[in-house]
Amino acid sequence: MFDSITGSLRNSINKIRHKDDAAALKKATTELKKSLLKADVHHKTSKELITEVELETKKNGIGQDSFINALKKELNEILSTKGNQGFVFSNTPPTTILMTGLQGSGKTTTTGKLANYLKTRKKKVLVAACDLQRLAAVEQLKQIAQQVEVDIYFDDNEKDPVVIAKAAQEKAKKELYDVLLVDTAGRLAIDEELMNQLFEVKNAINPDEIFYVADSLTGHDATKTAITFKEKIGIDGVVLSKYDGDTKGGVALSIAHQVGVPLRFIGVGEKMPDLEVFIPDRIVSRLLGLGDMEGLAEKTSAVIDEKKAKEVSKKIKKGEFNFNDFLEQLAMMSKLGSMKSIIGMIPGLSQMAGPIKDMDFENSDEIKRIKAMIGSMTPKEREQPSLINPSRKRRIAKGSGLSDVQVNKILKQFKSASKMAKKLSSKGGMKGLSNMLGQMQGPGGMPKIPR
């Protein structure tokens with residue numbers, strides 16, 4: 001997600017190798033300008049950033065450290081704007097959020113992601129289906145609400161979104177919901193009808209905040225439409241969707257600076273957990289390749305059962321990790337979202353992780369085969385993998401539709417991984433993790449289970 005722009009920023013930094021080298025600073029700022037424009041950062045934002053970085057570096061003495069500090073400071077200022085960060089709850093529940101955006105921006109999916117984000121933080125959430133323009137929008141929200149296990153208010157017989165929004169708010173108040181998310185209709189382009197409808201819904205429910213969902217793949221258009229929505233209806237925050245698909249990544253640097261409204265969340269993958277709070281200093285840290293351990297800790301604490309984690313840790317240390325534990329850990333990891341977003345938060349791993357960051361904990365062929373194999377085991381075999389002898393292997397292979405070779409390979413990998421985890425738990429720290437990932441990758445990347 002940040003790989004391209006992070007690499008470009010590092011290239012700029014590496015131009016400065018000696019202190020008091022004005023020519024090197026010029027090369028660095030020229031490289032920085034090219035990098036920012038190539039990354040689709042708005043030209044005004046780029047110009048302001050470069051000017052300030054150059055002045056700040058000269059003021060503190062030309063050198064790589066002062067250039068990095070200047071870059072960090074100016075990136076922070078550009079990404080920061082007056083307003084709230086993350087999700088802010090109202091003093092009088094329910095906190096009502098009006099979700100707005102153009103059709104195709106990922107507004108309905110983002111509503112579901114936000115609902116999931118709040119639910120994992122023990123909040124009672126209601127979503128309201130007020131997008132009556134797009135065919136199947138209500139059905140899509142129903143499916144998403146079911147997937148993330150939150151309640152939804154809809155009325156298939158009502159054609160007025162204002163009536164639905166008001167009824168949803170009444171339900172949220174009466175049944176003591178913490179948050180109400182109102183999904184509204186979008187259009188392919190901004191028009192008077194869309195704005196009038198949004199005004200009516202806004203006036204009817206008086207939301208605590210209005211979020212505008214911007215499609216990062218539209219580049220500078222995302223900034224332009226956000227400005228228009230701010231001028232015409234007023235918005236309190238921007239949620240940047242599809243950021244994982246934006247190889248340039250510069251729109252995140254431009255949008256807060258140009259719109260004058262804080263970026264609140266970014267969509268970093270297709271799954272429901274793939275939504276991250278946008279906190280400027282954390283994002284700057286990731287842009288410079290320094291990771292975001294604070295963000296990772298926050299993300300994991302919301303979905304990981306601390307008691308179970310301690311139990312598993314004890315088992316790993318004793319070398320007693322089994323297939324039931326493996327399935328539990330897999331389910332927990334899938335709640336964190338894509339591996340790509342997790343790896344990017346760990347300092348130094350975004351460049352070295354290789355194929356690991358593209359792992360899918362639910363849909364990869366390897367995981368499906370492992371699950372099929374475990375499903376063909378007896379409860380005792382899952383609990384004690386050491387019981388699995390050649391005859392049991394043949395039975396498991398037949399039951400799971402795998403070959404004897406595949407079953408042997410998976411069992412061997414599981415045994416190796418358990419030993420590695422035991423070793424890592426005794427070493428501790430990031431050094432052990434880095435070594436483990438390096439060994440897992442090897443010269444040819446992640447080992448593949450034979451087909």
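Below, each value reflects all heavy atoms present in this structure, side chains not excepted, and no hydrogens, waters or symmetry copies. Starting from 1, each residue takes its place in the sequence as its number.
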[X] side-chain N/O to [Y] backbone N/O, donor-acceptor pair under 3.5 Å:
{"X": "Thr57", "Y": "Ile62", "answer": "no"}
{"X": "Lys232", "Y": "Met195", "answer": "no"}
{"X": "Asp325", "Y": "Asn322", "answer": "yes"}
{"X": "Asn69", "Y": "Asp65", "answer": "yes"}
{"X": "Asp236", "Y": "Ile210", "answer": "yes"}
{"X": "Arg264", "Y": "Val238", "answer": "no"}
{"X": "Asp274", "Y": "Val268", "answer": "no"}
{"X": "Lys124", "Y": "Glu175", "answer": "yes"}

Over all heavy atoms of both residues, which pair between [X] and [Y] is shortest? Give the atoms and the distance, please.
{"X": "Thr110", "Y": "Ser241", "result": "OG1-CB, 3.9 Å"}
{"X": "Val259", "Y": "Ala226", "result": "CG2-CB, 3.8 Å"}
{"X": "Leu180", "Y": "Ala172", "result": "CB-CB, 4.3 Å"}
{"X": "Gln85", "Y": "Pro280", "result": "NE2-CD, 3.1 Å"}
{"X": "Leu37", "Y": "Ser46", "result": "CD2-OG, 3.8 Å"}
{"X": "Ala129", "Y": "Ile164", "result": "O-CG2, 3.7 Å"}

If I take atom [atom1] from residue [X] and atom [atom2] from residue [Y], how far apart are they, to the nearest 0.5 angstrom?
{"X": "Thr223", "Y": "His257", "atom1": "OG1", "atom2": "NE2", "answer": "11.5 Å"}
{"X": "Ser66", "Y": "Lys58", "atom1": "OG", "atom2": "NZ", "answer": "12.0 Å"}
{"X": "Asn203", "Y": "Leu198", "atom1": "CG", "atom2": "CG", "answer": "10.5 Å"}
{"X": "Thr30", "Y": "Leu25", "atom1": "OG1", "atom2": "CG", "answer": "9.0 Å"}
{"X": "Leu126", "Y": "Lys171", "atom1": "CG", "atom2": "NZ", "answer": "6.5 Å"}
{"X": "Glu139", "Y": "Ile144", "atom1": "CD", "atom2": "CD1", "answer": "10.5 Å"}

Exercise for the section: Is it possible for you to check whether Lys123 lies under 6.0 Å from the centre of the six-membered ring of Phe87, through NZ or CZ, and within 45° of that ring's axis? Expected result: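 Negative - Lys123 is either too far from the ring of Phe87 or too far off its axis.
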
Handout entry: Ring-face cation contact, Phe265 with Lys113, 6.0 Å cut, 45° max
Key =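 Verdict for Phe265: no cation-pi partner in Lys113.
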
Practice task
List the steps and the verdict of side chain to side chain contact (heavy atoms under 4.5 Å, CB included) for Glu56 and Leu71.
Solution key: CA-CA 9 Å; Glu56 188 73 16; Leu71 191 54; over 6 Å; no

Exercise for the section: Take Thr225 and Leu102, measure what side chain to side chain contact (heavy atoms under 4.5 Å, CB included) needs, and give me the verdict at the end. Expected result: CA-CA 8 Å; Thr225 50; Leu102 295 181; 3.7 Å; yes

Taking the side chain as everything from C-beta on, heavy atoms only, tell me whether [X] gets closer than 4.5 Å to [Y].
{"X": "Glu77", "Y": "Glu74", "value": "yes"}
{"X": "Leu79", "Y": "Leu263", "value": "no"}
{"X": "Thr228", "Y": "Lys224", "value": "no"}
{"X": "Phe67", "Y": "Val53", "value": "yes"}
{"X": "Leu275", "Y": "Val239", "value": "yes"}
{"X": "Gln146", "Y": "Ile152", "value": "no"}
{"X": "Pro161", "Y": "Gln133", "value": "no"}
{"X": "Leu181", "Y": "Val125", "value": "yes"}

Exercise for the section: Would you please say whether a donor-acceptor pair under 3.5 Å links the side chains of Gln258 and Thr45? Expected result: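 A donor-acceptor contact under 3.5 Å links the two side chains.
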
Problem - No-hydrogen, no-angle side-chain donor-acceptor test under 3.5 Å, Thr95 and Asp208 - result: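 There is no such pair between these side chains.
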
Problem - Qualifying ring pair (Phe, Tyr, Trp, His ring centres under 6.0 Å) pairs, either residue in residues 182-217, two or more places apart - result: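 Qualifying pairs: Tyr212-Phe229.
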
Handout entry: Sidechain N-carboxylate O distance under 4.0 Å for Glu31, Lys27
Key =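 Salt bridge between Glu31 and Lys27, a charged N being under 4.0 Å from a carboxylate O: no.
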
Problem - Electrostatic pair Lys142:Asp156 at N-O distance under 4.0 angstrom - result: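 Yes, Lys142 and Asp156 are salt-bridged.
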
Handout entry: Trace of the side chain to side chain contact (heavy atoms under 4.5 Å, CB included) decision for Phe278 with Leu240
Key = CA-CA 9 Å; Phe278 191 93; Leu240 204 53; over 6 Å; no

Exercise for the section: For salt bridge (Lys or Arg N to Asp or Glu O under 4.0 Å), just list the numbers for Glu48 and Lys44, CA-CA rounded to whole Å, side-chain angles, deciding distance to a tenth of an Å, and then say yes or no. Expected result: CA-CA 6 Å; Glu48 187 175 316; Lys44 286 183 181 177; over 6 Å; no

Exercise for the section: Tell me, with the steps shown, if Gln140 and Thr109 meet side chain to side chain contact (heavy atoms under 4.5 Å, CB included). Expected result: CA-CA 8 Å; Gln140 183 191 358; Thr109 302; 3.4 Å; yes

Practice task
Show your reasoning for whether salt bridge (Lys or Arg N to Asp or Glu O under 4.0 Å) applies to Asp131 and Lys107.
Solution key: CA-CA 10 Å; Asp131 182 354; Lys107 177 172 47 60; 3.8 Å; yes

